[in-house]
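A short write-up of the structure that comes next.
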Amino acid sequence: MDEDLFAPPAIFAPDILTVSFDSWEGPLDLLLTLARGQKVDLREISILALTEQYLDFIEGARQLKLELAADYLVMAAWLAYLKSSLLLPRQEQAEPSPEELALRLQLRLQRLHAMREAGARLMARDRIGRDVFRRRKPEGLRLVRKAQWQASLYDLIQAYGQIRARTQPVVHTIAVRPVMTLDEAIQRVGALVGVAIEWTQLEAFLPDDLDPPKAKSALASSFVAALELARQGRLEIQQDGIFQPIYLRASVPGARGDLL
Amino acid sequence: MMAEPDDFLRAVEAALFVAELPMTPMELRMHVGEGDLDATLAMLTEQYAGRGINLVERGGRWHFQTAPDLAHILRREKDEPRKLSRAAMETLAIIAYHEPVSRAEIEAIRGVQVAKGTLDVLMESGWVRPAGRREVPGRPLIYATSVDFLTHFGLASRRDLPGMDDLRAAGLLDPVDLALEGLGGQSVLENDEEEA
Amino acid sequence: MMAEPDDFLRAVEAALFVAELPMTPMELRMHVGEGDLDATLAMLTEQYAGRGINLVERGGRWHFQTAPDLAHILRREKDEPRKLSRAAMETLAIIAYHEPVSRAEIEAIRGVQVAKGTLDVLMESGWVRPAGRREVPGRPLIYATSVDFLTHFGLASRRDLPGMDDLRAAGLLDPVDLALEGLGGQSVLENDEEEA
């Protein structure tokens with residue numbers, strides 16, 4: 001079966017042109033088929049004779065109004081040119097010489113033919129599944145992979161930390177912020193201002209050594225306490241301008257209002 | 001091998017070699033045609049005796065098989081380093097910190113179910129061992145770590161496991177609210193006391 | 001068979017027998033361990049020569065297969081491998097004898113374009129593989145045959161391709177341009193003149 005694959009189609013003689021051009025894979029294939037019809041070694045092939053054969057063949061096909069692919073016609077035109085060049089006196093030949101063009105064609109045909117034969121010989125070899133057989137159900141060699149588990153102590157404790165981080169119920173505790181309440185401030189400022197005859201800056205009434213957050217709270221509370229004590233008439237407040245220091249002193253009975 | 005096996009023997013040999021299933025002499029004959037099948041099977045059996053492949057008959061069917069003593073080469077074990085999955089790592093950590101624990105207890109701590117395969121992997125690793133049953137309804141299996149566990153992780157005893165304070169210092173408890181510290185530390189401590 | 005095959009030979013024999021794919025000596029060694037593998041493979045090849053089963057090397061890999069002359073008794077209808085088109089056969093031959101080769105080079109030899117499906121079929125069969133790109137403008141893909149190709153067609157190596165040496169010696173594997181240089185522009189007209 002494989003041996004027959006590359007035999008020329010039985011219908012290549014121009015006088016029995018009932019051929020479909022589907023039989024060939026392009027002009028080179030057709031040329032090779034025709035060349036093999038010359039029944040000589042491809043190295044001995046007559047390119048001139050081959051050209052005649054091809055042109056006759058194409059002409060015959062055209063008379064039969066067969067649909068010809070363009071590349072067959074291009075090849076025909078090229079071969080017609082080659083033929084006329086080959087027949088011209090040698091000095092009138094152009095470059096590349098028609099001899100070289102003919103030789104090229106011959107070499108191409110030889111190469112295609114060689115590969116075609118090689119393909120056929122390859123196909124005819126003892127092929128697995130057709131001529132020679134391997135076991136149909138081999139048991140197979142098994143490589144059992146035994147896991148060598150790897151984990152570091154860090155992996156372990158990190159995993160534990162993540163579990164705890166993930167699963168413990170989240171409890172929100174509102175921290176007790178360090179503040180001085182208004183009552184505290186009233187008591188403190190009230191007590192201290194009693195001894196302050198002279199104008200004294202508000203900050204002096206604050207306790208020493210407070211954290212900055214508590215100091216702020218104490219300042220605010222003491223200021224509000226001072227306002228409250230002033231309303232009660234227990235102290236007086238003085239400030240020279242906006243954002244200037246605030247001064248307090250115990251109220252002097254009878255002098256109320258003179259200073260404001 | 002013996003000189004000049006005849007074509008009938010060669011055919012029987014090849015037919016048995018490619019066969020998908022052990023073959024009865026009748027099935028063989030459909031392939032190999034006429035010949036003294038019994039004598040040929042006997043001769044092949046003898047020729048292959050002592051080789052890596054033997055011809056054997058089982059219940060009237062013939063087939064080639066590898067010699068029984070070579071089973072080990074057909075199944076070769078290879079150590080392959082593998083990392084524990086996250087689930088396995090967590091489960092192992094819980095067992096290590098709380099042992100002995102039942103699967104239900106592990107799940108309660110993890111907050112996620114523990115697949116059976118996870119405990120299997122840990123037991124296969126040799127780091128976890130069953131440690132009896134808890135005397136509660138259902139008598140669940142309880143798990144503990146093994147000596148291999150201590151060896152692998154380079155611990156002299158479970159007491160060397162970092163406590164909650166250490167974990168927190170290492171940032172391993174982030175991003176948990178600080179208020180949790182009491183709870184976490186406490187539960188670990190309880191365990192350690194139990195063990196002691 | 002020969003008396004007392006040693007255990008290493010028996011192991012190699014058994015491993016090759018059960019293997020699903022042809023094996024390289026390196027793969028074999030993973031299963032059979034230490035021993036003179038080359039000598040053993042040579043000895044097994046010799047022991048099985050002429051039998052119904054043969055040990056063969058294809059592209060550096062070894063496998064047992066049935067003897068070619070027994071094909072008729074072993075072939076089943078469904079075994080018939082897919083038939084390649086003429087174009088595919090030619091293309092495969094061109095790749096095998098010229099590899100690595102680009103599509104344009106295949107087309108230059110065949111005188112027609114390589115149909116889209118042709119290379120696909122050959123690659124799907126596992127016989128042809130892309131083998132990088134040629135470092136010329138356009139960097140075309142180049143193709144080569146695979147180890148499976150050698151295995152399927154019973155070739156120990158590409159050197160065993162039928163007629164390889166003759167084709168090379170005749171310059172039939174050289175491109176036309178190169179061959180032309182070699183011929184030094186020798187005329188073919190001589191032939192025609194003779195004939196006229």
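Here is how names work: the chains are called A, B, and so on, in the same order as the sequence lines, proteins then strands, and each is numbered from 1. All of these numbers come straight from a predicted model, not from anything done at the bench.
- Proximity of Glu27(C) to Leu141(A): side-chain heavy atoms (C-beta onward) are nowhere separated by under 4.5 Å.
- Side-chain N or O atoms of Arg86(C) include none that pairs as donor or acceptor with a backbone N or O of Arg116(A) at under 3.5 Å.
- Using a 4.5 Å heavy-atom cutoff, the side chains of Leu167(C) and Met115(A) are in contact.
- Nearest heavy atom pair, residue Arg136(A) against residue Arg76(C), reads NE-NH2, 2.8 Å.
- Within the 4.5 angstrom heavy-atom criterion, atoms from both the backbone and the side chain of Ala87(C) approach chain A.
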Exercise. Would Leu122(A) and Met89(C) satisfy side chain to side chain contact (heavy atoms under 4.5 Å, CB included), going step by step from the backbone distance to the final call?
Worked result: CA-CA 9 Å; Leu122(A) 210 47; Met89(C) 269 187 259; over 6 Å; no
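- Heavy-atom distances place no part of Met164(C) under 4.5 Å from chain A, backbone and side chain included.
- Side-chain contact check for Val176(C) versus Arg111(A): some heavy-atom pair is nearer than 4.5 Å.
- Counting heavy atoms of neighbouring residues, nucleotides and ligands inside a 6.0 Å radius, atom CD of Gln158(A) exceeds 12 of them.
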Exercise. Does the pair Met123(A) and Leu92(C) meet the rule for a side chain to side chain contact (heavy atoms under 4.5 Å, CB included), with working shown?
Worked result: CA-CA 10 Å; Met123(A) 293 302 140; Leu92(C) 179 62; 3.8 Å; yes
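- For Leu103(A) against Leu180(C), the heavy-atom pair with the smallest separation is CD2-CD1, 3.4 Å.
- A search for ring-ring contact (aromatic ring centres under 6.0 Å, His included) contacts involving Phe64(C) returns Tyr48(C), not counting sequence neighbours.
- Residue His72(C) does not touch chain A at all, counting heavy-atom pairs closer than 4.5 Å.
- No salt bridge links Asp29(A) with Arg110(C); every basic N to acidic carboxylate O contact stays at or beyond 4.0 Å.
- Side-chain contact between His152(C) and Arg125(A): absent, with no pair of heavy atoms (C-beta onward) separated by less than 4.5 Å.
- In this structure the side chain of Ile128(A) reaches within 4.5 angstrom of the side chain of His63(C), judged on heavy atoms.
- Contact count versus chain C (heavy atoms, under 4.5 Å) is highest, among Arg104(A), Arg135(A), Gln110(A), for Arg135(A).
- Of the listed residues (Leu31(A), Asp131(A), Leu32(A)), the greatest number of heavy-atom pairs within a distance under 4.5 Å of chain C belongs to Asp131(A).
- Among Ala93(C), Pro175(C), Pro22(C), Pro162(C), the residue making the largest number of heavy-atom pairs under 4.5 Å with chain A is Pro162(C).
- One distance of note links CD of Glu20(C) with NZ of Lys137(A); it measures 11.5 Å at 0.5 Å rounding.
- Among the candidates Ala14(C), Ala67(C), Ala88(C), Ala71(C), the residue making the largest number of heavy-atom pairs closer than 4.5 Å to chain A is Ala71(C).
- Looking at Leu161(C), only its side chain comes within 4.5 Å of chain A, counting heavy atoms on both sides.
- Only the backbone of Asp160(C) comes within less than 4.5 Å of a heavy atom of chain A; no side-chain atom from C-beta onward does.
- Looking at Val112(C) and Leu28(A), their side chains never come closer than 4.5 Å, going by heavy atoms from C-beta outward.
- A donor-acceptor pair under 3.5 Å is formed between the side chain of Arg75(C) and the backbone N or O of Arg130(A).
- Other residues, nucleotides and ligands place no more than 12 heavy atoms under 6.0 Å from the CZ atom of Phe223(A).
- Contacts between Thr151(C) and chain A at a heavy-atom distance below 4.5 Å involve backbone atoms as well as side-chain atoms.
- Between Pro138(A) and Ala19(C) the shortest heavy-atom distance is CB-O, 3.5 Å.
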